[in-house]
Q: 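This is the structure, below, for whatever I ask next.
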Amino acid sequence: RSNRELFILLLFIMVTSIGMQVSFPYLIVYLENYIGVSKSEFSIIGGAVMVGSAIVAIPFGILADRWNKKAMLAIAIVVSAIGGILLSLVNTLPLLAFTGFLWQAFSVAVSVASVAWLKDLLPEQNRGKFLGIRMIFWIAIPMVLGPALGSWLIQTYGIPTTLNGEAGFIPVPIIFQVGSVIALLGLIPLAFLHGRKPQPVEPHAA
């Protein structure tokens, strides 16, 4: 109860991370087997995404810290979700690189800004304990629920195929669409956050 803002932010981090994990683990398989991207072409897309993420995420985190974390996170989530949905609708190398950049760069920006905000909210006397709790919301739960949902979507809507002599399914665009919608649900807990930096507590006079 005394750390309500902190746990709402952790809920936001969990929901948006689940959204990303629905599709991200299957990205290479999707591009190679559904779109038909070669390994050299994928390196171009991956390079655009990695460079773009570095260019966007660092200044975004600085701007969010100086301006309004809540507003910046809302913008980044919406842009990332739009990028994920557009990624599911295109099939040319330039558009795949551009939409992949929007999807991943602004998702990384969300992580940078939300973790910076989280550190502002951590109670000084229990920072270690709450950093451990953060890993549950940020890593453990999303990496279980996200890929599980993605796998279910692929098995339900994917294209049956045989890869390396084993039956399987080719991922289809719906994993990016569902993942983006789930990430957008993070706007709900975000709406309950204030977005202001906590003020230092004045020491009591003796």
Side-chain angles (χ1 to χ4, degrees), residues 12-57 60 73-112 114 137-188:
F12 164 80
I13 291 172
M14 182 185 74
V15 173
T16 54
S17 297
I18 289 173
M20 178 56 62
Q21 290 298 324
V22 170
S23 54
F24 185 73
Y26 308 105
L27 176 62
I28 297 177
V29 179
Y30 170 81
L31 291 175
E32 289 186 351
N33 295 277
Y34 183 82
I35 300 295
V37 170
S38 67
K39 287 182 171 59
S40 60
E41 289 173 330
F42 177 77
S43 66
I44 296 174
I45 298 173
V49 169
M50 291 178 64
V51 173
S53 297
I55 292 174
V56 170
F60 184 93
L73 283 172
I75 292 170
I77 281 294
V78 171
V79 173
S80 178
I82 291 173
I85 292 172
L86 291 177
L87 178 64
S88 73
L89 302 176
V90 300
N91 55 21
T92 64
L93 190 60
L95 288 177
L96 286 167
F98 176 67
T99 56
F101 156 72
L102 291 178
W103 176 54
Q104 272 296 296
F106 283 88
S107 175
V108 173
V110 168
S111 296
V112 171
S114 60
F137 286 84
W138 192 23
I139 303 294
I141 296 176
M143 285 194 171
V144 172
L145 295 184
L149 177 56
S151 177
W152 178 81
L153 289 170
I154 292 169
Q155 292 180 40
T156 303
Y157 300 101
I159 302 171
T161 187
T162 301
L163 296 173
N164 300 320
E166 296 185 5
F169 296 88
I170 296 175
V172 287
I174 193 172
I175 60 174
F176 299 96
Q177 297 159 7
V178 171
S180 295
V181 170
I182 292 174
L184 284 173
L185 293 177
L187 293 172
I188 297 174

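Both backbone and side-chain heavy atoms feed into the values below; hydrogens, waters and symmetry mates do not.
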Q: Which value, rounded to the nearest 0.5 Å, describes the distance between I188 atom CD1 and L185 atom CG?
A: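 Going from the CD1 atom of I188 to the CG atom of L185 covers 5.0 Å.
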
Q: Given 3.5 Å as the limit, does a donor-acceptor pair link the side chain of S43 with the main chain of S40, or not?
A: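 It does hold such a pair.
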
Q: Mark yes when over 12 heavy atoms from residues, nucleotides or ligands other than I35 sit less than 6.0 Å from its CD1; otherwise mark no.
A: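 Enclosed: over 12 neighbouring heavy atoms sit under 6.0 Å from CD1 of I35.
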
Q: Identify the two heavy atoms, one from A76 and one from V110, that lie closest to each other, and give their separation to 0.1 Å.
A: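 Smallest interatomic distance, heavy atoms only, reads CB-CG2, 3.5 Å.
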
Q: Please report the interatomic distance OG1(T16) to CZ(F137), rounded to the nearest 0.5 Å.
A: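 CZ of F137 is found 12.5 Å from OG1 of T16.
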
Q: Restricting to non-hydrogen atoms, name the atom on M14 and the atom on P142 that form the minimum distance, rounded to 0.1 Å.
A: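 That would be O-CG, 3.9 Å.
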
Q: Testing the basics here: between M20 and S80, what is the closest heavy-atom pair and its distance to 0.1 Å?
A: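 Minimum heavy-atom contact is CE-OG, 4.4 Å.
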
Q: Looking only at heavy atoms, which two atoms of L89 and I85 are closest? And how far apart?
A: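 Nearest heavy atoms, L89 then I85: CG-O, 3.3 Å.
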
Q: With a 4.5 Å limit on heavy-atom distance, are the side chains of Y26 and P147 in contact?
A: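 Counting from C-beta outward, Y26 and P147 do come under 4.5 Å.
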
Q: Closest heavy-atom contact between G179 and V22?
A: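 That closest heavy-atom pairing would be CA-CB, 4.0 Å.
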
Q: Within a strict 4.5 Å, meaning less than it, do heavy atoms of the I154 and V172 side chains meet?
A: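 With C-beta onward as the side chain, the pair stays apart.
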
Q: Measure the shortest side-chain to side-chain distance between V90 and F98 over non-hydrogen atoms and say whether it is less than 4.5 angstrom.
A: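 SC-SC contact between V90 and F98 ruled out.
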
Q: Shortest non-hydrogen contact from G186 to F12?
A: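 Smallest heavy-atom distance, with atoms named: O-CD1, 3.1 Å.
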
Q: Verify the neighbour count for atom CZ of F24: are there more than 12 heavy atoms of other residues, nucleotides or ligands below 6.0 Å?
A: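 Counting other residues, nucleotides and ligands, CZ of F24 stays at 12 neighbours or fewer.
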
Q: Taking ring pair (Phe, Tyr, Trp, His ring centres under 6.0 Å) as the cut-off, I'd like each qualifying pair that reaches into residues 163-183, sequence neighbours left out, listed once.
A: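 Every pair satisfying ring pair (Phe, Tyr, Trp, His ring centres under 6.0 Å) with a residue in residues 163-183: Y30-F176, W103-F176.
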
Q: Distance check, rounded to the nearest 0.5 Å: L96 atom CG versus L27 atom CG?
A: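 The CG atom of L27 is 9.5 Å from CG of L96, to the nearest 0.5 Å.
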
Q: What residues, two or more places apart in sequence or in another chain, satisfy side chain to side chain contact (heavy atoms under 4.5 Å, CB included) together with V178?
A: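 Testing V178 for side chain to side chain contact (heavy atoms under 4.5 Å, CB included), a comparison that skips the adjacent residues, returns L149, L153, I174, I182.
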
Q: Quick one, F101 and V56 - any side-chain contact, counting heavy atoms below 4.5 Å?
A: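 A side-chain contact exists here, since the closest heavy-atom pair is under 4.5 Å.
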
Q: Tell me which pairs pass side chain to side chain donor-acceptor pair (under 3.5 Å) where either residue lies in residues 165-188, with sequence neighbours left out.
A: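 For residues 165-188: S88-Q177.
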
Q: With a 4.5 Å cut-off on side-chain heavy atoms, are V78 and L187 touching?
A: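 Sidechains of V78 and L187: in contact.
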
Q: Working to the nearest 0.5 angstrom, can you tell me the gap between Y157 OH and I175 CD1?
A: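 Going from the OH atom of Y157 to the CD1 atom of I175 covers 13.5 Å.
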
Q: With a 4.5 Å cut-off on side-chain heavy atoms, are I45 and L93 touching?
A: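 Sidechains of I45 and L93: in contact.
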
Q: Using side-chain heavy atoms (C-beta onward) and a distance below 4.5 Å, is I82 in contact with L102?
A: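 No, too far: nothing below the 4.5 Å cut-off.
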
